[in-house]
Novice: 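Okay, here's the structure, questions in a sec.
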Amino acid sequence: MRISIASDHAGFEQKQALAAYLQGEGHEVADRGPENDDRVDYPDFAQLVAQDVADGAADYGVLVCGTGIGMAIAANKVHGIRAVNVVTPQFAELSREHNNANVVTVSGRFVPLEENEVIIDAFLSTPFGGGRHAGRVEKIMALEEN
């Protein structure tokens, strides 16, 4: 899989570790920054990853900030993105199965690295369920047209 990943300063350390982890799992990883833990504005990096996914340059996006919340809000402003802030593997699975989420945001401050690895594995390995969920996702995406 092609994964685009980024963080802000609060998520930098985990972003570095998660990028290496994903590469070790055989994924093609595009690290969209930042290059160090100097203070940055998370919307700038959320946009880069979300645009990669929206444009088809990446299959999925992974964003890391202090909580993951701001990254999810920012990424969802990009047309075609369904970003979810996830703190448990089960939520990761359900976001893929029910919502066909294409960007996952995680907390670099409140969730340990090992748990974020499990969360991201669950996100990437869970297929969209389709069926009754497909119509709901279509309705979500139609909201972008309003």
Novice: Treat each ILVMFWY residue as a node, draw an edge where side-chain heavy atoms are under 4.5 Å apart, and state whether Met141 and Ile81 are in one component.
Specialist: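 Met141 and Ile81: separate clusters.
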
Novice: Can Val104 be reached from Leu113 by stepping across I, L, V, M, F, W or Y side chains whose heavy atoms are under 4.5 Å apart?
Specialist: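 Looking at the clustering, Val104 is in the same group as Leu113.
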
Novice: When hydrophobic residues are tied together by side-chain contacts of less than 4.5 Å, even through go-betweens, does Ile120 share a cluster with Val87?
Specialist: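 Yes.
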
Novice: Give me the atom names and distance for the closest heavy-atom approach of Val49 to Gly61.
Specialist: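 Result for this residue pair: CG1-CA, 3.6 Å.
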
Novice: Taking the side chain from Gln14 and the backbone from Val111, do they hold a donor-acceptor pair closer than 3.5 Å?
Specialist: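 Indeed, once roles are kept as given, a pair shorter than 3.5 Å links the two residues.
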
Novice: Determine, for Arg39 against Asp41, whether the closest basic-nitrogen to carboxylate-oxygen distance falls under 4.0 angstrom.
Specialist: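 A salt bridge is present here (some side-chain N lies under 4.0 Å from a carboxylate O).
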
Novice: Restricting to non-hydrogen atoms, name the atom on Ile119 and the atom on Ala92 that form the minimum distance, rounded to 0.1 Å.
Specialist: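 That would be O-CB, 3.4 Å.
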
Novice: Supply the atom-to-atom distance Phe45 CZ to Met71 CE, rounded to the nearest 0.5 angstrom.
Specialist: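 Between Phe45 CZ and Met71 CE, I get 8.0 Å after rounding to 0.5 Å.
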
Novice: Which heavy atom in Gly68 sits nearest to a heavy atom in Cys65, and how many Å separate them?
Specialist: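 Scanning both residues completely, I find the closest heavy atoms to be N-SG, 3.0 Å.
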
Novice: Does the Asp38 side chain pair with the main chain of His9, one donor and one acceptor, at a distance under 3.5 Å?
Specialist: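 Not confirmed, Asp38 side chain does not pair with His9 backbone.
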
Novice: Check for a donor-acceptor pair, side chain of Asn76 on one end and backbone N or O of Ala72 on the other, with a separation under 3.5 Å.
Specialist: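 Side chain of Asn76 to backbone of Ala72, a donor-acceptor pair under 3.5 Å: yes, one is there.
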
Novice: Hey, does the side chain of Asn99 reach the backbone of Ala101 with a donor-acceptor pair shorter than 3.5 angstrom?
Specialist: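 No; zero donor-acceptor contacts below 3.5 Å.
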
Novice: Counting only N and O atoms by type, is there a donor-acceptor contact under 3.5 Å from the side chain of His27 to the main-chain atoms of Ile3?
Specialist: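 Checked: no pair found.
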
Novice: Could you check whether Arg2 pairs with Asp52 (Lys NZ or Arg NE/NH1/NH2 to Asp/Glu carboxylate O, under 4.0 Å)?
Specialist: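 Not counted as a salt bridge, because no side-chain N and carboxylate O are separated by less than 4.0 Å.
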
Novice: Looking at Gln23 and Val29, what are the two nearest heavy atoms and their distance?
Specialist: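 Smallest interatomic distance, heavy atoms only, reads CG-CG2, 3.6 Å.
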
Novice: Please determine whether the number of non-hydrogen atoms from other residues, nucleotides or ligands lying under 6.0 Å from atom CD of Glu144 exceeds 12.
Specialist: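 Counting neighbours around CD of Glu144, more than 12 heavy atoms of other residues, nucleotides or ligands fall under 6.0 Å, so yes.
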
Novice: Of the non-hydrogen atoms in Tyr60 and Arg96, which two are nearest, and what is the gap between them?
Specialist: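 The pair with the smallest heavy-atom distance is OH-NH2, 3.1 Å.
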
Novice: Counting heavy atoms not belonging to Gln47, are there more than 12 under 6.0 Å from its CD?
Specialist: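 No.
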
Novice: In terms of hydrophobic clusters joined by side-chain contacts under 4.5 Å, are Val64 and Phe12 together?
Specialist: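 In one cluster with Val64: Phe12, no.
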
Novice: Name each donor-acceptor pair under 3.5 Å that joins a side chain in residues 121-135 to protein atoms two or more places apart or in another chain, with its distance.
Specialist:
residue, atom, partner, partner atom, Å
Asp121, OD1, Tyr21, OH, 3.2
Asp121, OD2, Tyr21, OH, 2.5
Ser125, OG, Asp121, O, 2.8
Thr126, OG1, Ala122, O, 2.6

Novice: Do Asn116 side-chain atoms and Ser107 backbone N/O form a donor-acceptor pair below 3.5 Å?
Specialist: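 Yes; at least one donor-acceptor contact below 3.5 Å.
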
Novice: Going hydrophobic residue to hydrophobic residue with side-chain gaps under 4.5 angstrom, can you get from Leu63 over to Phe110?
Specialist: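 As far as the 4.5 Å side-chain criterion goes, Phe110 and Leu63 are not connected within one cluster.
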
Novice: Decide if atom CD of Glu13 counts as having more than 12 heavy atoms of other residues, nucleotides or ligands within a radius under 6.0 Å.
Specialist: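 Open.
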
Novice: Output yes when a side-chain donor or acceptor of Asp31 lies under 3.5 Å from a complementary backbone atom of Lys15, and no otherwise.
Specialist: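 The answer is no, because no donor-acceptor pair under 3.5 Å joins these two groups.
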
Novice: If I take atom CD from residue Gln90 and atom CG from residue Leu94, how far apart are they, to the nearest 0.5 angstrom?
Specialist: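 Here the rounded value is 5.0 Å.
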
Novice: What distance separates Glu138 CD from Asn100 CG, expressed to the nearest 0.5 Å?
Specialist: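 Going from the CD atom of Glu138 to the CG atom of Asn100 covers 10.5 Å.
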
Novice: For atom CD of Glu28, decide whether the heavy atoms of other residues, nucleotides or ligands shown that lie under 6.0 angstrom number more than 12.
Specialist: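 For Glu28, atom CD is not crowded (no more than 12 foreign heavy atoms under 6.0 Å).
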
Novice: So, does Asp8 use its side chain to make a donor-acceptor pair with the main chain of Ala10 at under 3.5 Å?
Specialist: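 Between the backbone of Ala10 and the side chain of Asp8 there is a qualifying donor-acceptor contact (under 3.5 Å).
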
Novice: Quick one: closest heavy-atom pair of Ala74 and Pro43, and the distance?
Specialist: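 Taking every non-hydrogen atom into account, CB-CA, 4.0 Å.
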
Novice: With a 4.5 Å heavy-atom cut-off, do Glu117 and Leu18 have their side chains touching?
Specialist: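 Contact flag for Glu117/Leu18 side chains = yes.
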
Novice: Would you give the length of the straight line joining atom OG of Ser4 to atom CG of Asn102, rounded to the nearest 0.5 angstrom?
Specialist: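 If we round to the nearest 0.5 Å, Ser4:OG and Asn102:CG are 11.5 Å apart.
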
Novice: Which value, rounded to the nearest 0.5 Å, describes the distance between Arg136 atom CZ and His98 atom NE2?
Specialist: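 Interatomic distance, Arg136 CZ to His98 NE2, rounded to 0.5 Å: 8.5 Å.
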
